[in-house]
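Down below is the structure, laid out as structure tokens.
Nothing fancy with the numbering, it's 1 onward along the sequence. All values below were derived from every heavy atom in this structure, side-chain atoms included, with hydrogens, water molecules and symmetry-related copies excluded. Remember, predicted model here, so these are calculated numbers, not experimental data.
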Amino acid sequence: LSQDFGKLRHILATTTPGLVFAANAAFGRAIDAVVPADTHVVLADMADAGSLGGRPVTPFADLLATVPGAGIDAAHAQVGPDTIVKFLFTSGSTKEPKAVINTHRMMCHNMQMALQAMAFLADEPPVLVDWLPWNHTFGGNQNIGICLYNGGTLYIDEGKPTPKGFAQTLRNLREISPTVYFNVPKGFEELSLAMETDDVLRESLFRRVQAFMFAGAGLSQAVWDRLDRLAEQTVGERIPVITGLGMTETAPSCTFAVKPGVQSGHIGLPCPGVEVKLVPVDGKTEVRFRGPNVMPGYWRAPQETAEAFDDEGFYKTGDAVKFVDPADPQKGLLFDGRIAEDFKLTSGTWVHVGGLRLQVIAACAPVVEDAVITGHDRDHVGVLLFPSLNGCRRACVNAAADLSMADLIERAEVRDRVREGLANMSSGGGSSMRVARALLASEPPSIDAG
């Protein structure tokens, strides 16, 4: 999607690969821009391979045709707990992406932790229908790992929770009934709305699913309640919704919330084998982790690695937490935002960005998909709102189906919904909760602009 290949160039410079794989020559422009001329390239589809500037290219089929020899057994014998499986890069939302070292120790421990937290995975081989990308720890470590570790089946869903892509996800879920279903909150929102009017979809999804799990952001309570209601209507009982706290640096899971009564924002208790340290930072409580699932460090980044750990070897997450019930720690932890995101207004009042962002999205549902909180060293809080195309269309009665986002955000129904939501959210709160200005973005965020 990027046009300047800035992050891709940084990633290849960090890893210095000996071989680069691409599906086909459509990636030629990126290869020419960032892959050194003497680095070998493997293509799955050799059509137009000559357009890659004469560099050495090998068909993937040739690799598949290789006859296994003694070298495979010798390589396998050298694999141990601290052997590197792969590098997963952080999102790089505020700085350049960092290469997180993922070892066999981290991944195997994390899969056993997941099995002990979700014991139903051992009852029958799990079946997943999953779109989550493999360059992220949720899809690439946890979900692939669950299938490998428990002898399951992974159906690769070529859809994704976008206005264009989600129709394919719905088609796949009408055909395949998963035993456990993973998604990001946006995916669950779209799925729950679709099930309201699609009996075949609803019955297929609920046929044998034993749990839902979300990660990556907070699931709004409205979506949670809708899933509960649909499950009761379809199979007579609620399906457990599991969540927790994890990150690329921890392979990923550190806590799981699996007990009855879990609500949006809960992240539960530590996984078996994980140590938790709670540290006061800037008026909040940072959660830090130590355990066999925690990375040894960032690849070729000694300074960033040193900064990531405290003097007792705990990984500093930058995530804030608080107890669900301070009088009963066994009820687990509640996510309390990212410490690094918080800022002060000119009045000296702290604005807690993570919680406020979720409240803004919920208050402006269904017309807002995401929000950026602004106001650092200003008198008031502002928000940059990224509208939901489907949500805006639902809110605009009698609107033409082909209206663009720029047209939709000019509609009175959309603007009134935002004004009403922000006004209701701000009533009775202090300056850190009162949104004084809002801007609806007509275009999505830009990768190249950061």
Side-chain angles (χ1 to χ4, degrees), residues 93-94 184-186 189 214 216-226 243 245 257 262-267 278-287 317-326 331-388 391-392 395 409 412-441 445:
S93 53
T94 55
V184 295
K186 180 62 181 172
E189 179 184 351
F214 69 90
L219 184 69
S220 78
Q221 196 61 46
V223 174
W224 201 307
D225 293 342
R226 191 182 303 128
T243 184
L245 184 64
V262 171
Q263 294 183 345
S264 184
H266 289 197
I267 58 171
L278 303 179
V279 181
V281 177
D282 294 334
K284 286 199 166 189
T285 301
E286 182 187 21
V287 62
T317 67
D319 290 326
V321 298
K322 53 188 176 184
F323 286 109
V324 172
D325 181 354
K331 290 184 178 177
L333 296 169
L334 192 67
F335 185 69
D336 195 27
R338 291 278 300 163
I339 292 172
E341 293 177 342
D342 293 349
F343 59 82
K344 284 183 177 180
L345 300 173
T346 52
S347 62
T349 303
W350 276 104
V351 176
H352 298 305
V353 169
L356 182 59
R357 172 180 160 270
L358 293 178
Q359 289 184 53
V360 167
I361 296 168
C364 299
V367 301
V368 167
E369 186 168 90
D370 212 337
V372 175
I373 309 300
T374 70
H376 177 68
D377 286 341
R378 300 285 188 94
D379 295 338
H380 304 290
V381 172
V383 290
L384 173 62
L385 302 175
F386 291 102
S388 162
C392 289
I409 63 174
E413 298 99 316
V414 172
R415 291 176 168 260
D416 289 347
R417 180 71 198 92
V418 170
R419 287 192 189 97
E420 176 189 357
L422 295 178
N424 290 341
M425 191 192 80
S426 302
S427 61
S431 59
S432 66
M433 293 296 297
R434 192 176 77 82
V435 177
R437 59 191 180 279
L439 178 66
L440 281 159

Sub-4.5 Å side-chain heavy-atom contact between [X] and [Y]:
X	Y	result
Ser432	Val351	yes
Leu385	Leu439	no
Phe343	Val353	yes
Phe323	Leu333	yes
Trp350	Leu345	no

Any side-chain to backbone donor/acceptor pair from [X] onto [Y]? Under 3.5 Å, distance only.
X	Y	result
Arg417	Ala365	yes
Glu369	Pro387	no
Gln221	Ser264	yes
Asp319	Arg338	no

Considering all heavy atoms, the nearest [X]-[Y] contact:
X	Y	result
Pro366	Ser388	O-CB, 3.6 Å
Gly354	Asp342	N-OD1, 4.4 Å
His266	Thr243	O-CG2, 3.0 Å
Val381	Ser431	CG2-O, 3.7 Å
Pro280	Leu278	CD-O, 4.2 Å
Val262	Trp224	O-CZ2, 3.2 Å

What's the spacing between [X] [atom1] and [Y] [atom2] if we round to 0.5 Å?
X	Y	atom1	atom2	value
Ile361	Lys186	CD1	NZ	10.0 Å
Gln263	Asp225	CD	CG	8.5 Å
Leu245	Ile267	CG	CD1	4.5 Å
Leu356	Met433	CG	CE	5.5 Å
Leu358	His352	CG	NE2	14.0 Å
Ile339	Thr317	CD1	OG1	7.0 Å

Sequence neighbours excluded, which residues qualify as side chain to side chain donor-acceptor pair (under 3.5 Å) partners of [X]?
X	value
Asn424	none
Glu420	none
Gln359	none

Let me have the donor-acceptor pairs involving side chains of residues 373-380, under 3.5 Å, with sequence neighbours excluded, atom names and distances please.
from, atom 1, to, atom 2, distance (Å)
Thr374, OG1, Gly382, O, 3.1
Asp379, OD1, Thr346, OG1, 2.6

Open item on the list: Counting only heavy atoms not in Lys284 (residues, nucleotides, ligands), do more than 12 fall under 6.0 Å from its NZ?
Closed with: yes
Open item on the list: So, using salt bridge (Lys or Arg N to Asp or Glu O under 4.0 Å) as the criterion, who are the partners of Arg419 when residues are at least two apart?
Closed with: Asp416
Task: For Lys322, salt bridge (Lys or Arg N to Asp or Glu O under 4.0 Å) partners two or more places apart - done: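 Lys322 satisfies salt bridge (Lys or Arg N to Asp or Glu O under 4.0 Å) with Asp336 once adjacent residues are dropped.
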Open item on the list: Closer than 4.0 angstrom, basic N to acidic O: yes or no for Arg357 and Asp370?
Closed with: yes
